[in-house]
Number of protein chains: 2
Amino acid sequence: MADVALHAGVALGTVSNVLNKPEKVKELTRRKVMASIAELGFVRNDAARSLAAGTSNTIGIVLADLSNSLFVDIARGAEATVRQHGMNLLIANSDVDLTKQSLNISLFEQSRVAGVLLAPLDTAFARTNSVLSTTPLVLVNYASESGTYSGVVADEVHGGYEAARHLIGLGRTRLVFLGGPLMLMAVAQRLAGARAAVAESPGVTLEHIETRGLNMAHGRQAGQEILTRPAGTFDGAVAASDLLAVGAIQVLDENAGYEVPTDLAFIGYDDNHFASESAIPVSTISQHGEEMGRAAAQLLINEIHGGPLTLKRTVVIKPDLVPRRSTLGDDWRRD
Amino acid sequence: MADVALHAGVALGTVSNVLNKPEKVKELTRRKVMASIAELGFVRNDAARSLAAGTSNTIGIVLADLSNSLFVDIARGAEATVRQHGMNLLIANSDVDLTKQSLNISLFEQSRVAGVLLAPLDTAFARTNSVLSTTPLVLVNYASESGTYSGVVADEVHGGYEAARHLIGLGRTRLVFLGGPLMLMAVAQRLAGARAAVAESPGVTLEHIETRGLNMAHGRQAGQEILTRPAGTFDGAVAASDLLAVGAIQVLDENAGYEVPTDLAFIGYDDNHFASESAIPVSTISQHGEEMGRAAAQLLINEIHGGPLTLKRTVVIKPDLVPRRSTLGDDWRRD
DNA sequence: CCTCACAATTGAAGCGTTTCACAGAAGGTA
DNA sequence: TACCTTCTGTGAAACGCTTCAATTGTGAGG
């Protein structure tokens, strides 16, 4: 920077002003300085900058699992908001590993980012709470039970409710819920929501087939399980994830006599990209990941500007029904 | 840090030594210092650290598209290697946007990361080359034509060749290649590889149906196109992506008379997670994203240690055939 | 032509580390 | 005991920037 100042024939402080408060410096001088910067190929040292300024303009986000499109959507949404405020977003991937998650959080704290967004593992109570530092932190897709942090969550219960309502609204009465393990709060809540919908509809029943996970292989197992029951046992199914639904539908599809949605209407969860593209496009509940990311980023930015005493809030985002062929049948058309 | 020193009754420099060269300081003192650090909740300021030390221990990776699982795999592989060397990996997502890509690169340069891994957009010649700074940079999934940078690429030609060879080896003779636009180098190269395989096999023909993209919708269009031809026109298909293959198969599957793989054997490309899980598991060419990431990280670390004069190399990673039911039929079993 | 108010510019004092030349202590040797 | 070595621990000088009080223009009004 000293070089640039020399080359442009101005003081060091002026160069700094050109970079940070361009309105403070006369057009002509600004031009000269810019020219020198370009000519010398100067790149401002951000480490020095944030050391001196005491604040950085980048925000870090720690994601539980990059292979999960929900988290990618969250990151995308967060980035949009962060950029609007002239800041940058850096991502760290925990890869479903609690140790990495802690490592990543402290990595961001050490580098003195302006704030941290944390999309934690579902099972990660413990560690989350031990993060008590001065770096502003906002949770995404996980509620801080103690109210220590602001956060954004999807209303999973409502999602489960809507899914079941949709089936009931289509006249289905013998429902089954596919999903597990119940240790996952998200699954438990979706099930609770579905139960609530059933409870308020006389004559409708709901059985739960617990799976050991949420991917397609588990879905196929669940599909087999359904096949062991007498035909017609169920006429509507809520799956705790789209992959589960797709897997189960594959199995049912292979065995004639169980047509989707005629015999069994199927609805999934997550609005996984793949779900809309599978052979029978799967109706689903969309969690609006981008919106969650945007909201979380906004919360974080408020906290950055408002200081540590900023009121902690939890924003709840309602998921929405996205009906497709797996429930509507031929009435539904691809657009 | 001064506080810690005071609290532990040692000099400032000693605290620094405890953190950086623990072997230089007596066990007892180290303990005292560690205790003080814990008690005071001290978090080392990395900005100051890298300013003073002149080097950082984090590496940045700029990814063209987080929704593409290949890039996520690359990041995962890179992270593994980076961690082995005691460094950290931060991710920035360009989201298929050239402007963001440049922004992200300069973001990393400004923050003085030890080095940058760049997985650029396929169309991004221009910008890539203008990155001429002192920060070590290694390309992934893209070759630096000028030899300015080291890089890791998949051998796309070989991949296309293997795909076609596989079909030919199964006795298929009337092949079709689905993919486009040819502007994408990867697609063009895969096609070239397939052509090479056909050229060396007398009696085998290859037609090219150009698509406008590589996702499932494009695949369905291609499937329609195939249906317009007289039955039996093709008996083997190479798709430039798994999604393309899955889409096309969906369409053919709905129209009786075109059974996969009996009538038409299908092979995709990318080893997309979904490809192995779709109704008919799709044979594919795997690019080994993690391996690419690991190799690139290693190259970068060499360059960081070796200085700017380090010999630039391009590592080529050969993709592999992963045969599944869409070519082998019932001979293939899910494991 | 002088003042005054305001705009533009200056430069030195930090910011929180690492590094490194030195000082002190401890242990070995003659 | 005197003299060397080897370990430990010390503290001040950078690192490259932002900030801000102080200084130097500048133009309008009288």
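Each chain gets a letter, A, B and so on, in the order its sequence line appears, and its residues count up from 1.
Residues satisfying the salt bridge (Lys or Arg N to Asp or Glu O under 4.0 Å) test with K318(A), not counting sequence neighbours, are D155(A). Listed by chain and number, the residues in a side-chain contact (heavy atoms from CB on, under 4.5 Å) with N45(B) are L51(A), R112(A), A47(B), A48(B) (sequence neighbours excluded). Listed by chain and number, the residues in a salt bridge (Lys or Arg N to Asp or Glu O under 4.0 Å) with D3(B) amount to none (sequence neighbours excluded). T81(A) is linked by a side-chain contact (heavy atoms from CB on, under 4.5 Å) to H85(A), R294(A), A297(A), Q298(A), I301(A), counting only residues two or more places apart in sequence or in another chain. R44(A) pairs by the salt bridge (Lys or Arg N to Asp or Glu O under 4.0 Å) definition with nothing, not counting sequence neighbours. Legend: residues meeting side-chain contact (heavy atoms from CB on, under 4.5 Å) with S286(B), ordered by chain and number and at least two apart, are D271(B), H288(B), V322(B). For R30(A), the salt bridge (Lys or Arg N to Asp or Glu O under 4.0 Å) criterion is met by E27(A), not counting sequence neighbours.
A nucleotide of DNA chain C counts as in contact with chain B when one of its atoms lies under 4.0 Å from a heavy atom; the first and last such, 5' to 3', are dG16(C) to dT19(C).
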May I have the list of side-chain donor-acceptor pairs in residues 86-96 of chain A shorter than 3.5 Å, sequence neighbours left out?
from, atom 1, to, atom 2, distance (Å)
N93(A), OD1, L66(A), N, 3.4
N93(A), OD1, D95(A), N, 2.9
S94(A), OG, L63(A), O, 3.1
D95(A), OD1, R76(B), NE, 3.2
D95(A), OD2, R76(B), NE, 3.2

Per-pair distances, 0.1 Å, donor-acceptor, side chain in residues 305-317 of chain A, under 3.5 Å, sequence neighbours excluded:
from, atom 1, to, atom 2, distance (Å)
T310(A), OG1, G306(A), O, 3.4
T310(A), OG1, G307(A), O, 2.5
K312(A), NZ, P308(A), O, 3.2
K312(A), NZ, T310(A), O, 3.2

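In this structure, M1(B) places its CE atom where more than 12 heavy-atom neighbours from other residues, nucleotides or ligands lie under 6.0 Å away.
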What N/O pairs connect the protein and nucleotides 7-12 of chain D at under 3.5 Å? Give each pair on its own line.
from, atom 1, to, atom 2, distance (Å)
dG9(D), OP1, T29(B), OG1, 2.3
dG9(D), OP2, K26(B), N, 2.9
dG9(D), OP2, T29(B), OG1, 3.3
dT10(D), OP2, A11(B), N, 2.7
dT10(D), OP2, T14(B), OG1, 2.6

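Using a 4.0 Å cut-off on heavy atoms, the residues of residues 40-54 of chain A that approach DNA chain D are F42(A), R44(A), N45(A), A48(A), R49(A), A52(A), A53(A), listed by number.
At the phosphate of dT18(D), OP1 or OP2 sits under 4.0 Å from a side-chain N or O atom of S16(A).
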